[in-house]
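As structure tokens, the structure follows; a few thoughts come after it.
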Amino acid sequence: MTVRTRFAPSPTGHVHIGNMRAAIFNWLFARHHGGRFLLRVEDTDRERSTPEACRTLLEAMAWLGMEPDEPPMYQSSRRQAHRAVAERLVAMGHAHREDKGSTGRGECIVFSMPREDIVFDDVVKGRLVKAAADLQDFVIVRSDGTPVFHLANVLDDIEMGVTHIIRGDDHVENTFRHIALFRALGAQVPRYAHLPMIVNAQGKPYSKRDGDAYVGQFRDRGILPDALFNYLALLGWSPGDGREVMTREEMVERFTLERVQSSPAQFDLTKLLWMNGEHMRRLPVEQRLAGHMADLERHGLRPSKGELRRVLDVMQDRIKVFSDTAGQTRYFFDEDYPFDEAAVRKRLRKPGVPERMAELGRRWAAAPAFDAATLERILKETAAEDGRPPADLIHATRVAVSGTSAGPGLFAMLEVLGRERVTARIERALRRWVGGGG
RNA sequence: GACCCCAUCGUCCAGCGGUCAGGACACCAGGUUUUCAUCCUGGAAACACGGGUUCGAUUCCCGUUGGGGUCGCCA
């Protein structure tokens, strides 16, 4: 029997990380067993299931690299089939028509639960039992003729040949009903694995109001799909060998449902960011360049590839997410960069510094070569002349040419900036922040 | 309320009767970087509680407490 898993979300316009993780586990499990990963769009709620919402869903999955192995099934297209089976259930005596609760809305079709305990072995939660006394009949077709979730869900799983149902544990109660349905239909009951939920930073279940819980928001923030995938996979699962940063292949190879946690996991943005940094530094250069470039372009900066490459070279791994690129490197590409006033006060206006700074600027302007080693030598000589610590001039220069007190190694940075810009910036900064030029 | 699920450092995981309870993120200290980030070293930090079972419980059982889920002609 080849494994067939499915991800069956109802498209609501935004894809929640809890759902995405369910998709990830389904994908991982199918891949690990050489099976197939399927998608079923449960779009029977016409109000929310707009074409727009479906597109968002498909995009999110493509972004995370989880294309289904077969064309997606759209549940809305299966109405007739669902209804036909409901009729069959009535004919077989497993269901009956009734004006449930005497609502006056007309007759709906109600499935009759068996009068015996229902037991199943959940791959992550273990043996789950529901006593016959706690089982209740439920509606499978509404009085307006539309099939209800439980019926549609089970029938489509049969149709798709799903062998393993991996979903959120908010479905465990439904499972008893679904099992009864599978049996009434004479179908093979699939294996179930119920995933614990993901809770927010407050330890509470995510609600619609929780901000950063949608896949699109992570993408917009510059998080790498591989990092989000990796992080989410580790929420409730671990390979057991201590590995954390992994490629898809490594995860596929190690994934087992048996190692899935049965307790809820709290989402930790800080660790995701760390994970992102880890994946970023493992990225092929070309992809890294493209990611940084995209952020620069978003901010109206268009350096050449060569320029960007030189800048990234001195920046090293200081940039943790692509979306931070422009903010941290603007001064390399634009004369209009912001100044950190606290840094100006502390470094540039330090007594005695502006005068030496001006002198240093003149010496650099006339330096025989504008490379890091030469610049450093000149700075040290200039500092030594009046017994000042080199650090004073180093810090002051950094603030003058970059506007900030944090950044890459000063001399390498100056070399990238070049003689003209460095000279002009030092003069300009002194004029603007110290006044007079002296 | 009924039924069900869950419980190891702040967080995510490891542990599947005998461990100095391990790792990662975060945090703190020191070193490297004359800045910041990286990197290196060190540190603080947990078995919710009470009963059993056992020679021995973080681990098995029961209860308590605390979280959570489900109780729709939503999905």
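The chains referred to below are lettered A, B, ... by the order of the sequence lines, with proteins before strands, and numbering in each begins at 1.
Formation of a donor-acceptor pair under 3.5 Å by the A/Asn200 side chain with backbone atoms of A/Lys204 is found in this model. Judged by distance alone, with hydrogens and angles left aside, the side-chain atoms of A/His32 form a donor-acceptor pair with the main-chain N or O of A/Glu253 at under 3.5 Å.
Across all strands shown, B/A7 forms a Watson-Crick or G-U wobble pair with B/U65, both key distances being under 3.5 Å. A 3.5 Å limit on both hydrogen-bonding distances identifies B/C55 as the Watson-Crick or G-U partner of B/G18. Across all strands shown, B/A2 pairs with B/U70; the Watson-Crick or G-U wobble distances both stay below 3.5 Å. Under the Watson-Crick and G-U wobble criteria, each requiring two contacts below 3.5 Å, nucleotide B/A29 is paired to B/U41.
Considering CG of A/Asp117 and CZ of A/Phe176, their distance stands at 10.0 Å, rounded to 0.5 Å.
Distances shown here put a side-chain N or O of A/Ser238 below 4.0 Å from the OP1 or OP2 atom of B/A14.
In this structure, A/Asn200 places its CG atom 13 Å from C1' of B/G68, rounding to the nearest Å. Separating the OH atom of A/Tyr206 from the P atom of B/G69 is a distance of 15 Å, rounded to the nearest angstrom. At whole-Å resolution of the value, NZ in A/Lys204 and C1' in B/G69 are 13 Å apart. Rounded to whole angstrom, the span from the CG atom of A/Leu151 across to the P atom of B/A75 amounts to 11 Å. Rounded to an integer number of Å, the gap from A/Ile118 CD1 to B/C4 P is 14 Å. Rounded to an integer number of Å, the gap from CG of A/Leu135 to C1' of B/C4 is 13 Å. A straight line from CZ of A/Arg167 to C1' of B/G69 spans 13 Å, rounded to a whole angstrom. Rounding to whole angstrom units, CD of residue A/Glu173 and P of B/U70 are separated by 9 Å.
To the nearest whole angstrom, the two P atoms, one in B/C12 and one in B/G68, are 15 Å apart. Distance check on atom C1': B/U58 versus B/G18 gives 12 Å, rounded to whole Å. B/G42 and B/U53 are spaced 44 Å apart, taking the P atom of each and rounding to whole Å. Rounded to whole Å, the separation between the C1' atoms of B/C20 and B/C9 comes to 16 Å. Nucleotides B/A46 and B/G31, compared at atom C1', are 30 Å apart to the nearest Å. Across B/G15 and B/G22, the matching C1' atoms stand 8 Å from one another, rounded to whole Å. With P as the reference atom, B/A7 and B/U59 are 12 Å apart, rounded to whole Å. For the C1' atom pair drawn from B/G67 and B/A48, the interatomic distance equals 11 Å after rounding to whole Å.
The side-chain heavy atoms of A/His292 and A/Met280, taken from C-beta on, include a pair separated by under 4.5 Å. When side chains are defined from C-beta on, A/Phe138 counts as touching A/His150, because their heavy atoms get closer than 4.5 Å. For the pair A/Val41/A/Cys54, a side-chain contact is recorded, criterion being any heavy-atom separation below 4.5 Å from C-beta on. At least one side-chain heavy atom of A/Thr175 sits under 4.5 Å from a side-chain heavy atom of A/Phe120. At a threshold of 4.5 Å between non-hydrogen side-chain atoms, the residues A/Lys350 and A/Arg345 do not count as touching.
Contacts between residues 226-236 of chain A and RNA chain B, defined by a heavy-atom separation below 4.0 Å, involve A/Leu234, A/Leu235, A/Gly236, listed by number.
Across all strands, A/Gly126 comes closer than 4.0 Å to no nucleic acid atom at all (heavy-atom distances). Within the 4.0 angstrom heavy-atom criterion, no nucleotide atom of any strand lies near A/Ile109. Residue contacts for A/Ser143: at a heavy-atom cut-off of 4.0 Å it reaches a base atom on one of the strands shown. The residue A/Asn153 sits apart from the nucleic acid: no heavy atom pair falls under 4.0 Å. Across all strands shown, A/His171 has heavy atoms under 4.0 Å from base atoms, whether or not it also approaches the sugar-phosphate.
The aromatic ring centroids of A/Phe229 and A/Trp27 lie less than 6.0 Å from each other. Taking the six-membered ring where the residue is Trp, the centroids of A/Phe37 and A/Phe29 are separated by 6.0 Å or more. Separation of the A/Phe332 and A/Tyr337 ring centroids does not fall under the 6.0 Å cut-off. Aromatic ring centres of A/Phe25 and A/Trp237: separated by at least 6.0 Å. The aromatic ring centroids of A/Phe149 and A/His171 lie less than 6.0 Å from each other.
Both A/Lys130 and A/Met197 lie near RNA chain B, and the one whose nearest nucleotide falls closer to the 5' end is A/Lys130. In terms of position on RNA chain B, the residue among A/Trp237 and A/Asp170 whose nearest nucleotide sits closer to the 5' end is A/Trp237.
With B/G67, B/G15, B/A75 as the candidates, the nucleotide lying closest to the side chain of A/Arg259 is B/G15. Taking the side chain of A/Cys108 as heavy atoms from C-beta on, and the options B/G68, B/A75, B/C73, the nearest nucleotide is B/C73. Distances were taken from every side-chain heavy atom of A/Gln261 (C-beta onward) to each of B/A14, B/C73, B/A75; the shortest belongs to B/A14.
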Starting at the 5' end of nucleotides 33-39 of chain B, put B wherever the base has a protein heavy atom under 4.0 Å, S where only the sugar-phosphate does, and a dash everywhere else.
-BBBBS-
Under 4.0 Å protein heavy-atom contact, by nucleotide of nucleotides 22-30 of chain B - B base, S sugar-phosphate only
-BBSS----
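Within 6.0 Å of CD in A/Glu98 there are more than 12 heavy atoms belonging to other residues, nucleotides or ligands.
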